[in-house]
There are 2 protein chains.
Amino acid sequence: MPKIVDAEARRHEVVQAVFRIIASDGLERASLREVADEAELAVGSVRHYFASSDELLVFSFGAVIDRIAGRLEAALASVEDAEPESPEQHHAVLNLLGQFLPLDEELAVDACVWMAFRHAARIKPVLAAEAERSHRAVAAVVGRLIMILNPAEADAQQSLVTEAERLLATMDGLCMHALLQPEWMTAEMCSDVLTAHLRSLRAVPASG
Amino acid sequence: MPKIVDAEARRHEVVQAVFRIIASDGLERASLREVADEAELAVGSVRHYFASSDELLVFSFGAVIDRIAGRLEAALASVEDAEPESPEQHHAVLNLLGQFLPLDEELAVDACVWMAFRHAARIKPVLAAEAERSHRAVAAVVGRLIMILNPAEADAQQSLVTEAERLLATMDGLCMHALLQPEWMTAEMCSDVLTAHLRSLRAVPASG
DNA sequence: TTGTTTTTAGCACGAACGTGCTTCAACACC
DNA sequence: GGTGTTGAAGCACGTTCGTGCTAAAAACAA
């Protein structure tokens, strides 16, 4: 009936603009006017697709979560397909954990945006639900990974949960340092830390 | 000659107000008006002690860095005083690492403020110098701790640096999770993860 | 008391923000 | 060709922000 516009594509373009602004200028600069400028639209146009600023931010948060979770689950499938203890599996695990880190431009933007939203969710209640979903999705993948790497002690659930949280914390800390102190936490340092952590996982079997 | 006011004490009160606002409402709400309200002063009074908003924020960042670094170095002294491999040393190490985490009200405020400023420093160049100082100070303490816990391989500097960065990343990740997902990352879980990490440090001696 | 200087308080300006509301152009259908 | 729905654009209002500036208040020296 009216002007033909792919609404979903438009929303995606707007969200991409939000991502670019957050990555370069931070979340607090992602105002309707800035986003509209970056997307080369008018403020009214952006508001046609997103009723309010909050709705735009929540939708953008959900979008980055879906992107990250999608990458993680694809990488997890590769790990599960690989032969246990094989070099292929080790490579697949490194690839999975690398998805957390800002190793290329696209990953860096996602990591920036992800971090920004998670921290903002501490303050803004509208973001809390998505933050919880994010944590659940990532924890599920990491938990599954720990189970794969420690098939022997599938009974010692206590230790598995602890190890999953430990790996998750290490990954988030690595990501943080790579974003905030890129001169110190280089890609090579990330790789060294990752291999050291994986070695420590194999070296500490049961705990008691 | 004029009204007697302890300028240093006033500045400290203002900074405390900044801390409270950041912890409860986030850094972006730490405006001059909000800070003045929280400190029960007029905007003009705050501006008398801090020429600009940037100056207030940079000073506050420095203050929280000094607080955290002071605690860490005091705790490090306890570790260095303890007998190597003794239970006292283990306790001192746990105490040191606990200084990173929001385990009580004061630590939680400092952790919030610290995180907020470090992330803001990625965007705001005025904060960059203090962020670098913060990283240097904390990395020095953690590096020293790793050397104490691994006296044998004092020559394998590569491994020591990697282990220091790994511990630092894990601590920052734990702190992040404790702040952002307090229901999942409880104090008990923090403790479990810490002891697991310390065990993994002892279990993986040299690398090659 | 008078004068000096620090401290406190407040006004005013321009900029940026979210949002309610109106207006215009474009297109599909009757 | 007319008509109505929808995308796009923009105005206006109230709020908040940092900051330059002025002026009252307070406390000590003379």
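Sequence lines set the chain letters: A, B, ... in the order given, protein chains first and strands last, and positions in each chain run from 1.
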Exercise. Below 4.0 angstrom from OP1 or OP2 of D:dG18, is there any side-chain N or O of B:Ser53?
Worked result: yes

Problem set entry | Side-chain ion pair, B:Arg33 and B:Glu38, N-O less than 4.0 Å | no

Exercise. B:Arg33 CZ to C:dA15 P: how many Å, rounded?
Worked result: 16 Å

Problem set entry | SB check A:Arg20 A:Asp25 (cutoff 4.0 Å) | no

For this session: Report the nucleotide, chosen from C:dT19, C:dT8, D:dA9, that has the shortest atom-to-atom distance to any side-chain atom of A:Leu41.
Result: D:dA9

For this session: Please indicate whether A:Glu40 has more than 12 foreign heavy atoms, meaning atoms of other residues, nucleotides or ligands, lying under 6.0 Å from its CD.
Result: no

Problem set entry | B:Tyr49 vs C:dT8: side-chain N/O to OP1/OP2 distance below 4.0 Å | yes

Problem set entry | salt_bridge(A:Arg166, B:Asp192) N-O dist < 4.0 Å | no

For this session: On DNA chain C, check which nucleotide each of A:Arg29 and A:Arg47 is closest to and give me the residue with the more 5' one.
Result: A:Arg29

Exercise. Nearest of C:dT7, C:dG18, D:dG18 to any side-chain atom of B:Leu32?
Worked result: D:dG18

Exercise. Can you check the B:Asp54 CG to D:dC17 P distance for me, whole Å?
Worked result: 15 Å

Problem set entry | Whole-Å distance separating the CG atom of A:Asp37 from the P atom of D:dA9 | 12 Å

For this session: Quickly work out the B:Leu27 CG to D:dC17 P distance and round it to whole Å.
Result: 13 Å

For this session: Please state how far atom NE2 in B:His48 lies from atom P in D:dA25, giving the value in whole angstrom units.
Result: 18 Å

For this session: Return the orientation label for the B:Phe61 and B:Phe117 ring planes: parallel under 30°, perpendicular over 60°, tilted otherwise.
Result: parallel

For this session: Classify the nucleic acid contact of A:Glu55 as base, sugar-phosphate or nothing, counting any heavy atom under 4.0 Å across all strands shown.
Result: nothing

Exercise. Checking all strands, does A:Glu40 fall into the base, sugar-phosphate, or nothing category for heavy-atom contacts under 4.0 angstrom?
Worked result: nothing

For this session: For A:Phe50 and D:dA9, give me the distance from atom CZ to atom P, rounded to whole Å.
Result: 16 Å

Exercise. So which nucleotide from C:dT6, D:dG18, D:dT19 ends up closest to the side chain of B:Ser52?
Worked result: D:dT19

